[in-house]
Structures are given as structure tokens and as C-alpha cells.
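Here is the structure we will look at.
Both ligands and their constituent atoms are indexed starting at 1 by order of listing. Everything quoted here is computed from the prediction, not taken from an experiment.
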Amino acid sequence: MATIPKNHPRYMSLLTREKISQAMKNGIVHETGLIAHGRGEAFDYLLGEKTISPVELAEKTAAAALLYAKNPVLSVNGNVVALSAAEYISLADCIPAKIEVNLFHRTRERIDKISDELRRCGAKKVYGMKADAQIPGLDHDRALCDKDGIFSADAVLVPLEDGDRCLALKNMGKTVIAIDLNPLSRTAKTASITIVDNVTRAIPNIEQWVHKLKDASIDEIKDIVETWDNEKTLGEILFFLSKRLNSLF
Ligand code: ATP
């Protein structure tokens, strides 16, 4: 990796770019993953690169939904592995939830590389290799999934998802929790619970909530999930963004 001076004002951002770029060279991130990262970075810049308060509630609700689910699955792609593999595995362990590799640009080689990297970082079992089921309504390799993974899940966490697959998962009756820095994306608008935060902050935040909610009653957990209003929260995020931009003039 290139050496980035620690006192550089954009140190974290440059380090993150370096991780994504390295993961592309290693065949984990698809080249279009760099473009997706750039879009995410731009929105993160506008948000002030921090978790804003409506999003904290989204992360709490996501933790509750994952605890409430009977078969929760955390979907993973190349960018997530490049940025947050260890944190993702830790979150899956504490819920507990399955991890499934699910790619837009799916090749056997990338699936193997991503699952090897997850195992190297401590994952005991990784789903997504069998691809013995298909998400109905999608006509592309991105529909492929495991019957005992995403296909039969009742709640799925989908970081950096595309809108079509998010909708197709919703249409299967699943609770879809998206992590997407763009509050205007189709994914953000379609998901059951949208977390407008960087995956690097969102994953540890959700894990903290999972620990806090572990001793809560099932009624309390259910109430958190059932009183969630995704549209209202997206509105609050857009309001925050417009206010912040106005205040910068
Ligand atoms: P949609 O189909 O939902 O409209 P899209 O085509 O706009 O999605 P994709 O390229 O499918 O976008 O997905 C990338 C999404 O992931 C972008 O919306 C981007 O903001 C978001 N993103 C990129 N990097 C991160 C990150 N580190 N954390 C959270 N979100 C991210």
C-alpha cells in the first residue's frame, strides 16, 4: 500500500481509497466498485463524515430487526470486504447471522476470493457458493443466491445494493436493511430500513446496538421494528443535508 502521511487532513479518506484500490488489484473489488465508492464518498462529504442523529435511530432499528428475525443474513460484496471484513464478521457472530457473498458482477473467481478473505478474517462459514436458488424477478447473475442463505432469510442486510435487487428482495416479503450513503438512490427509497451512513461506521454502530438490545424483551424489540418510518427518516436526512449546505454559505 502507498504510504499516506498520518498528518494529512484527509488521512482517513485517502487510506480508505487505498484499501479499495488495493482490493481491486487483488480481484476482490470490481472496477465499477471504485465508481460506487466515489459516489458514496461524495455523499459522506456532504453529511460531514459522521453518523447523524436520524441515522442513529436507523441503526438501532436495524439491530432490532436483525435480532427479531428467525433467519437473518448479512449480504456481502467486494467493497464491504475491502473496507469492513472483520467488523462484518463480528456483527454476524454477535446477532448471530449468516454471511452470504452476493455480487452484481459475479464470477466464480471473485466469489472464491471474497469468501477466502472472509475466512482469513475469521468467518467460520460463508454462504453464496452453492447458488442453488434465484431471487424471482431478476434476469441476471445477481439473482443467484443460496437456498439456505438469502433465499430463505426473513431479514437481509444489504450494504451498497442496487435498487432492483433491493426491490426484488422486498417483493419476496423480506425485511431489507440497506446501508447506502445516497439517500436518493432507489435502494434507499425501497428498503424497509435505510441506513444513510458509511459502511465503516454503520457496521460497528449496529453491533453496539445489538449488544445493548440483547437483554430487551421481545415486545420492546418488536415495537422498535414496527414503529419505524423509513420515509419520514429519509425526509429528515434530506432536511439535514439542505440545512447543512445552506449553513456553509
Ligand atoms: P440504485 O440502484 O439503488 O439507485 P446506484 O446505481 O445509485 O443504486 P450502485 O452503484 O448500485 O448505486 O451502489 C452504490 C451505492 O453505494 C451508492 O449509492 C453509494 O452512495 C453507496 N456507497 C458507496 N460506498 C459506500 C460506503 N462506503 N458506505 C455506504 N454506502 C456507500
Side-chain angles (χ1 to χ4, degrees), residues 10-24 28-52 54-56 58-59 61-62 74-88 91 101-106 110 114 117 135 137-144 150 156-171 174 176-207 230-231 233-234 237-238 240-241 244:
R10 303 290 303 149
Y11 176 74
M12 280 313 291
S13 167
L14 295 183
L15 186 71
T16 308
R17 284 183 185 181
E18 195 53 39
K19 281 187 191 169
I20 288 277
S21 151
Q22 197 61 46
M24 194 204 80
I28 285 177
V29 167
H30 187 265
E31 60 204 31
T32 57
L34 268 60
I35 301 165
H37 179 77
R39 184 181 295 170
E41 237 188 16
F43 277 100
D44 209 11
Y45 206 95
L46 298 178
L47 286 165
E49 295 171 324
K50 60 175 194 185
T51 305
I52 63 170
V55 176
E56 281 170 23
E59 290 168 346
T61 309
L74 313 187
S75 178
V76 68
N77 65 14
N79 285 46
V80 176
V81 168
L83 298 180
S84 300
E87 292 79 3
Y88 217 63
L91 174 63
V101 183
N102 193 258
L103 305 176
F104 190 98
H105 299 282
R106 185 187 176 99
R110 271 190 80 221
I114 290 172
E117 179 62 9
I135 302 165
L138 288 178
D139 58 354
H140 185 259
D141 278 355
R142 68 198 159 134
L144 294 172
I150 286 177
V156 194
L157 177 69
V158 288
L160 285 73
E161 188 54 274
D162 79 279
D164 288 0
R165 188 162 51 189
C166 182
L167 180 62
L169 290 168
K170 268 282 287 293
N171 287 343
K174 302 178 194 302
V176 181
I177 304 157
I179 302 176
D180 190 336
L181 279 160
N182 177 5
L184 300 166
S185 75
R186 293 175 308 150
T187 299
K189 289 183 188 159
T190 309
S192 324
I193 302 163
T194 305
I195 298 171
V196 181
D197 204 358
N198 200 309
V199 78
T200 56
R201 295 189 297 270
I203 299 301
N205 288 348
I206 300 171
E207 179 169 345
N230 208 49
E231 215 177 317
T233 308
L234 286 176
I237 292 163
L238 290 176
F240 171 92
L241 280 173
R244 181 162 193 270

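For atom 24 (N) of ligand 1, the closest heavy atom belonging to the protein is L160 CD2, 3.7 Å. Of all protein heavy atoms, the one closest to atom 8 (O) of ligand 1 is E161 O, 4.0 Å. Ranking protein heavy atoms by distance to atom 2 (O) of ligand 1, first place goes to R186 NH2, 2.6 Å. At the top of the distance list for atom 28 (N) of ligand 1, counting protein heavy atoms only, stands V199 N, 3.0 Å. The shortest contact between atom 10 (O) of ligand 1 and any protein heavy atom is with A36 CB, 3.9 Å. Nearest to atom 27 (N) of ligand 1 among the protein's heavy atoms is N198 OD1, 3.0 Å. Shortest contact from atom 18 (O) of ligand 1 to any protein heavy atom: D180 OD1, 2.8 Å.
With hydrogens and angles ignored, the 3.5 Å screen pairs no side-chain donor or acceptor of D44 with any backbone N or O of L47. Looking only at distances, a side-chain donor or acceptor of N205 sits under 3.5 Å from a matching main-chain atom of R201. Although no hydrogens or angles enter the test, the distance criterion places a donor-acceptor pair under 3.5 Å between the side chain of T187 and the main chain of E161. Side-chain atoms of R110 come within 3.5 Å of backbone N or O of I28 as a donor-acceptor pair. Within the 3.5 Å criterion, the main-chain N or O of N182 finds no donor-acceptor partner in the side chain of R39. Checking side-chain atoms of S192 against main-chain N and O of I177 turns up no donor-acceptor pair under 3.5 Å. The closest donor-acceptor contact from the side chain of K174 to the backbone of I150 lies under 3.5 Å. In terms of modelled atom types and a separation under 3.5 Å, the side chain of N230 and the main chain of T194 share a donor-acceptor contact.
Those atoms of ligand 1 that come under 4.0 Å of a heavy atom in D197, given as number and element, are 28 (N), 29 (C). Near T187, meaning under 4.0 Å from one of its heavy atoms, ligand 1 places the atoms 1 (P), 3 (O). Interface atoms of ligand 1 facing L83, defined by a heavy-atom separation under 4.0 Å, are 27 (N). Using a 4.0 Å cut-off to heavy atoms of G163, the atoms of ligand 1 that qualify are 1 (P), 2 (O), 3 (O). The ligand atoms of ligand 1 that sit less than 4.0 angstrom from a heavy atom of S185 are 3 (O), 4 (O). The N182 neighbourhood of ligand 1 comprises atoms 18 (O), 20 (O), with distances under 4.0 Å to a heavy atom of that residue. In summary, the atoms of ligand 1 found under 4.0 Å from a heavy atom of D162, numbered by their order in the structure, are 2 (O), 11 (O). Per-residue contacts place G40 under 4.0 angstrom from the following atoms of ligand 1 (heavy atoms of the residue considered): 19 (C), 20 (O), 22 (N), 23 (C), 24 (N).
Distances from atom 26 (C) of ligand 1 to the heavy atoms of I20, L167, L181 show the closest one on L181.
In E41, neither the side chain nor the backbone holds a heavy atom less than 4.0 Å from any atom of ligand 1. Contact annotation: for D164 versus ligand 1, there are no heavy atoms closer than 4.0 Å.
The shortest N/O to N/O separation between R39 and ligand 1 falls below 3.5 Å. The shortest N or O to N or O distance between A188 and ligand 1 is not under 3.5 Å.
Under the side chain to side chain contact (heavy atoms under 4.5 Å, CB included) test applied with I237, the options L184, D197, V196 reduce to a single match, V196.
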Margin query: side-chain contact (heavy atoms from CB on, under 4.5 Å), that's the test. Do F104 and D164 meet it? Break it down for me.
Written below: CA-CA 11 Å; F104 190 98; D164 288 0; over 6 Å; no
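Counting all heavy atoms, side chain and backbone alike, R142 lies closest to R165 at O-NH1, 3.1 Å. Across every non-hydrogen atom of V101 and R106, the tightest pair is O-NH1, 4.4 Å.
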